[in-house]
Amino acid sequence: MKIISVVGARPNFMKISPFIKAILAHNHSGNKSKIEHLLVHTGQHYDIGMSQAFFKALDIPDPDINLEVGSGSHAEQVGNTMIAFEKVLRQEKPDWVVVVGDVNATLACSVTAKKEGIRVCHIEAGLRSGDMTMPEEINRLVTDRLADLLLTPDRLSNENLRKEGVAENKIVFVGNIMIDTMEANRGQAAQLNVRTICVENLMGAAKLKSDDLKNRNYALMTMHRPSNVDFPAILRALTHFLCEEVAKEMPLIWPIHPRSQKRLQEFGLWNEVNKTRNLILLNPIGYLEMLRLNMDARLLLTDSGGLQEECTVLGTPCLTLRWNTERPVTLREHGGASVLVGNDVEKIRTEYKNILANKRKPMRPELWDGHTAERCLRAIMDYKEKI
Ligand code: UD1
């Protein structure tokens with residue numbers, strides 16, 4: 001069997017790493033049916049900090065093929081990926097294309113594969129925010145409509161797919177593959193020192209004072225979604241809250257996504273952010289470093305999907321800077337650590353105060369057990385046997 005798996009952007013890397021390891025383990029197991037595997041990187045993320053650093057930390061082999069599509073509008077990214085990926089498929093003729101998550105690479109490569117008559121497997125299928133203004137929601141819907149095999153992270157996702165009329169035999173509940181990566185790397189991350197991570201990744205000429213981060217009493221944040229960073233009024237209000245309220249109370253560590261940095265500069269907010277005492281601005285940091293910071297953070301403010309999931313298993317109280325989530329299993333009402341606060345400062349402030357009163361409460365949803373990748377590979381192999 002020949003499989004091409006695809007990555008494009010940062011959140012894909014932690015999902016593909018365990019899948020590749022499962023293939024290697026299968027090939028070394030003495031099983032006669034070997035799997036030929038090629039890794040394609042579309043090149044959507046290309047900075048060292050956004051891409052190569054993750055390959056290194058997660059021990060992902062170098063991509064066999066890099067499509068080098070780079071940045072651009074959504075149509076440019078999707079279109080350029082499709083043109084380049086079609087050539088790869090015609091040359092390599094795989095039995096399966098495996099896509100993960102919900103980025104532009106996921107959509108572009110699913111469409112291209114189906115048009116070439118190649119089977120598509122989607123890992124992390126069935127997540128739905130119901131918010132069609134999110135580019136990722138469009139990517140999820142199209143990918144799941146086309147996929148032959150839909151591997152879901154939780155039972156709510158199975159329900160979503162059933163409601164959309166997906167045939168039962170295409171859906172397999174496998175658990176959350178990103179938690180495989182977290183479990184495999186937790187021990188190593190725990191060895192890192194929070195202060196050293198900050199010192200080594202500080203942005204620009206900033207310096208840490210000797211007593212900063214003395215006690216493990218810091219907040220951690222990430223923010224990159226267009227809905228939060230692309231509108232001046234929203235970004236200004238959020239920035240003021242962070243600088244004038246959170247950073248006044250405790251050190252706030254903020255590894256900045258390139259999009260957010262650009263917007264802060266464009267909207268004239270960069271100076272305020274830079275000069276705020278206790279706001280520790282970092283360049284994008286690696287996987288292990290982020291995991292380490294998350295382990296001890298008093299709370300996390302984020303609009304990332306993956307971090308909501310990691311907070312759930314680690315128990316870090318999480319303010320999710322979104323009005324909806326495709327990952328409801330991470331919410332407090334389902335026993336998780338996250339609460340939706342959107343980008344309205346009043347609401348964020350109220351929940352911020354509530355959440356500070358909460359203790360860590362780790363929770364492990366069903367099958368988030370570190371063995372999802374093996375189940376994914378088994379599902380692909382079983383599918384082949386069925387037809
Ligand atoms: C993408 C994903 C999003 C994911 C996020 C994680 C889609 C639709 N979105 O959004 O789901 O949560 O990745 O990071 O696929 N840039 C760089 N260097 C890079 C990559 C990007 O400077 O290596 C800058 C460019 O100016 C670019 C901007 O960041 O225009 C945004 O990058 P892009 O890949 O378009 O989307 P993300 O916001 O990163």
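Remember, it's 1-based here, ligands and their atoms both numbered in the order they're listed.
- The nearest protein atom to atom 22 (O) of ligand 1, hydrogens excluded, is given as Pro258 CB, 3.3 Å; this is a heavy-atom distance.
- For the pair Arg327 and Thr330, the tightest heavy-atom approach, listed with the atom from each and the gap, is O-OG1, 2.7 Å.
- In this structure, the ring of Phe55 has its center less than 6.0 angstrom from the ring center of His41.
- Counting atoms of ligand 1 from 1 in the listed order, those under 4.0 Å from a heavy atom of Met50 are 14 (O), 23 (O).
- For atom 18 (N) of ligand 1, the nearest non-hydrogen atom of the protein is Asp47 OD2, 3.0 Å.
- Regarding atom 17 (C) of ligand 1, its nearest protein heavy-atom neighbour is Tyr46 OH, 3.4 Å.
- Of the listed residues (His224, Arg10, His74), the one carrying the non-hydrogen atom nearest atom 5 (C) of ligand 1 is His224.
- For ligand 1, the polar-atom distance check against Asn139 finds no nitrogen or oxygen pair separated by under 3.5 Å.
- Scanning the protein heavy atoms around atom 8 (C) of ligand 1, the nearest turns out to be Asn104 OD1, 3.3 Å.
- Residue Lys262 holds the heavy atom nearest to atom 26 (O) of ligand 1 of all those in Arg259, Lys262, Arg263.
- For atom 35 (O) of ligand 1, the closest non-hydrogen atom on the protein side is Gln77 NE2, 3.4 Å.
- Between Tyr287 and Phe54, the ring-plane angle classifies as perpendicular under the 30° and 60° cut-offs.
- Residues Ile171 and Thr152 form a side-chain contact, since some pair of their non-hydrogen atoms from C-beta on lies under 4.5 Å apart.
- Under 4.0 angstrom from ligand 1, the non-hydrogen atoms of Pro11 all belong to its side chain.
- Distance OG1/Thr42 to CG/Asn66: 7.5 Å, rounded to 0.5 Å.
- Protein heavy atom nearest atom 27 (C) of ligand 1, with residue, atom name and distance: Ser71 OG, 3.4 Å.
- In terms of protein heavy-atom proximity, atom 13 (O) of ligand 1 is nearest to His45 CE1, 3.1 Å.
- If you check each of Glu76, Arg225, Gln261, Gln44 against atom 36 (O) of ligand 1, the one with the closest non-hydrogen atom is Gln44.
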Task: Test log, rule salt bridge (charged side-chain N to carboxylate O under 4.0 Å, His left out), inputs Arg225 and Glu136 - done: CA-CA 10 Å; Arg225 296 226 176 255; Glu136 293 81 2; 3.1 Å; yes
Apply side-chain hydrogen bond (donor to acceptor under 3.5 Å, both in side chains) to His37 and Ser5, showing your working. CA-CA 8 Å; His37 176 253; Ser5 52; 2.5 Å; yes
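- Protein heavy atom in closest approach to atom 3 (C) of ligand 1: Glu136 OE2, 3.1 Å.
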| query | Should Arg140 and Glu137 be marked as a salt bridge (charged side-chain N to carboxylate O under 4.0 Å, His left out) after you check the CA-CA gap, both sets of side-chain angles, and the distance that decides it? | reply | CA-CA 5 Å; Arg140 290 189 278 262; Glu137 184 73 354; 2.9 Å; yes
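- Using a 4.0 Å cut-off between charged side-chain N and carboxylate O, Glu164 and Arg128 make a salt bridge.
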